[in-house]
Amino acid sequence: MTSYELDSQLEPVLRQMEDHGIKIDVSFLSNLSEKIGLKLLKIESEAHSLIGHDFNLNSPSQLAKILYKDLKIDSRQAGIKRKKTHLSTGANDLEKIRHLHPIVDLILKYREFAKLKNTYLDPLPKLVDENGRLHTHYAIDTASGRLSSKSPNLQNIPKKGETGNEIRGAFISQPGYKLIVADYSQIELRIAAHFSGDTTMIKIFNEGKDIHGATAEELGVDRRTAKIVNFGILYGISSYGLAETLKITPEEAQMLIDKYFMTFSGLREYISKTIESVKEQGLTVGLLGRERIIPEINSESDRLRKFGERVAVNHIFQSSSADIIKLAMLELSKKLDKDTKMLLQIHDELVFEVKNTSINESVTIIREIMESVVKLKVPIIVNISAGEDWSNTREL
DNA sequence: TAGACTGGCGCC
DNA sequence: AAACGGCGCCAGTCTA
């Protein structure tokens, strides 16, 4: 099946998911919004008195002036990024100067809660239907072949942090049903192992090991660092990007990358061959032949050309992953019974609402189809859990 | 007052 | 000038 045929056949499945919608606990979100609102007012007045005058905490330009002019924080020494109109006040940069003035932590706290209130707590309750259910709209026109979700976007519901977790917990099943969450384990790295044929990577997956832990051992770093490096590989790694994320120097980042590719030399070979072929063909293709045209790949500009190279690498993994889960969704739509509704897709995860009496049969079908819809050189593993809300599910 | 742009950030 | 891939949505700011 081509990616075009796949997308066409998936359309009616997506429309059904949109129509079902997912139930949310409206009064819980409204109550939480009030609490967070009070917290924001407190932080705001603290911030104003700390600086000595009122200002708009939501305005990056006002914050930049306060931090780097009024308070004279040395942006060069701290390694603060330049944006088009002023110096950066993004969270990653604020982390670098949080020890220099107490206002920085207040800004970070304010940002966290304001984001959750403005993007989720306040808008979502207004969007439910008469049954308390929320309906997204899936689009299928992304560069990578992934789905996107909008109005509201249900692919970026919070997960991290106490409040974030509470918001996710407001997504619930109707009485007599449970939510089933099925997510692919490290699918893009498995695809990388498959396409590259890298023997070390294949061995790690075939032995059922934790890929980030195994990478950590190979590199002699902690698991968190290894995980960031692994994601960097999928994104088309650069020493600058990795350095920025890990808060190390580009030189140190480059050493990590070199060490990584010493260990996974098959992957290094695969990536460089891919880039060579993209330079000739002007495009890359994923598992089902989904194309991405990459005009930047032969650009005179170093920056653009490097960008093209990263996109070329990333597209193979991202589009293949997108096609695998789409194939599974199509197959599942044919095999699941009326007591099991597919509600959400979040790139490598599916959320179902299943009648309590049907859970065992459905979980068996879901696992079987998701894990076997394509055959790779490494096993495809799906983790499945169930619960009455999206935050507190138990592994099955 | 509406739309475009910018910085920022939620998710994978 | 950025600064590691893919999205969508928010508030502030600028402009017509």
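Only heavy atoms go into these numbers, but all of them, side chains included; no hydrogens, no water, no symmetry mates.
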Determine the contact category for [X]: base if any of its heavy atoms lies under 4.0 Å from a base atom, sugar-phosphate if only primed atoms, P, OP1 or OP2 are that close, otherwise nothing.
X: A:S149; answer: sugar-phosphate
X: A:I228; answer: base
X: A:R111; answer: sugar-phosphate
X: A:S148; answer: sugar-phosphate
X: A:I157; answer: sugar-phosphate
X: A:E244; answer: nothing
X: A:F307; answer: sugar-phosphate
X: A:G232; answer: base
X: A:Q62; answer: sugar-phosphate
X: A:L242; answer: base
X: A:A114; answer: nothing
X: A:K83; answer: sugar-phosphate

Using atom [atom1] of [X] as one end and atom [atom2] of [N] as the other, report the distance to the nearest whole Å.
X: A:Y235; N: C:dC4; atom1: OH; atom2: P; result: 12 Å
X: A:D122; N: C:dC10; atom1: CG; atom2: C1'; result: 12 Å
X: A:E251; N: C:dA3; atom1: CD; atom2: P; result: 19 Å
X: A:K84; N: B:dC5; atom1: NZ; atom2: P; result: 10 Å
X: A:K306; N: C:dG5; atom1: NZ; atom2: P; result: 13 Å
X: A:N118; N: B:dG7; atom1: CG; atom2: C1'; result: 15 Å
X: A:H86; N: C:dC14; atom1: NE2; atom2: P; result: 10 Å
X: A:R292; N: C:dG5; atom1: CZ; atom2: P; result: 10 Å

Just compare [options] and give me whichever is closest to any side-chain atom of [X].
X: A:A143; options: C:dC10, B:dC9, C:dG6; answer: C:dG6
X: A:S59; options: C:dC4, C:dG8, C:dG12; answer: C:dG12
X: A:Y120; options: B:dG10, C:dG8, C:dG6; answer: B:dG10
X: A:N58; options: B:dC11, C:dA11, C:dA3; answer: C:dA11
X: A:T89; options: B:dC11, B:dG7, C:dT13; answer: B:dG7
X: A:S61; options: B:dC11, C:dC9, C:dT13; answer: C:dT13
X: A:P123; options: C:dC10, B:dC11, C:dC4; answer: C:dC10
X: A:K160; options: C:dC10, B:dG8, B:dC11; answer: B:dC11
X: A:R310; options: B:dG10, C:dC4, C:dA3; answer: C:dC4
X: A:R146; options: C:dC10, B:dC9, B:dC12; answer: B:dC12

#### Entry: Non-hydrogen side-chain atoms of A:I204 and A:F264 separated by less than 4.5 Å
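Heavy-atom side-chain distance check passes, below 4.5 Å.
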### Message
Less than 4.5 Å apart, side chain to side chain, heavy atoms only: is that true for A:L336 and A:I366?
### Response
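SC-SC contact between A:L336 and A:I366 confirmed.
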### Rounded distance in Å between the C1' positions of C:dC4 and B:dA4
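Their C1' atoms lie roughly 27 Å apart.
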### P spacing across the pair B:dC9 / C:dA3, given as an integer number of angstrom
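After rounding to an integer number of Å, I get 15 Å for this pair.
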#### Entry: Candidates A:I51, A:I73, A:D93 - the one meeting side-chain contact (heavy atoms from CB on, under 4.5 Å) with A:L67
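So the option named by the test is A:I73.
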[Y] reachable from [X] in the ILVMFWY side-chain graph, under 4.5 Å edges:
X: A:L267; Y: A:V311; value: no
X: A:I172; Y: A:F352; value: no
X: A:M255; Y: A:M262; value: no

### Query
In this structure, are over 12 heavy atoms from other groups packed under 6.0 Å from A:K72 atom NZ?
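Counting neighbours around NZ of A:K72, 12 or fewer heavy atoms of other residues, nucleotides or ligands fall under 6.0 Å, so no.
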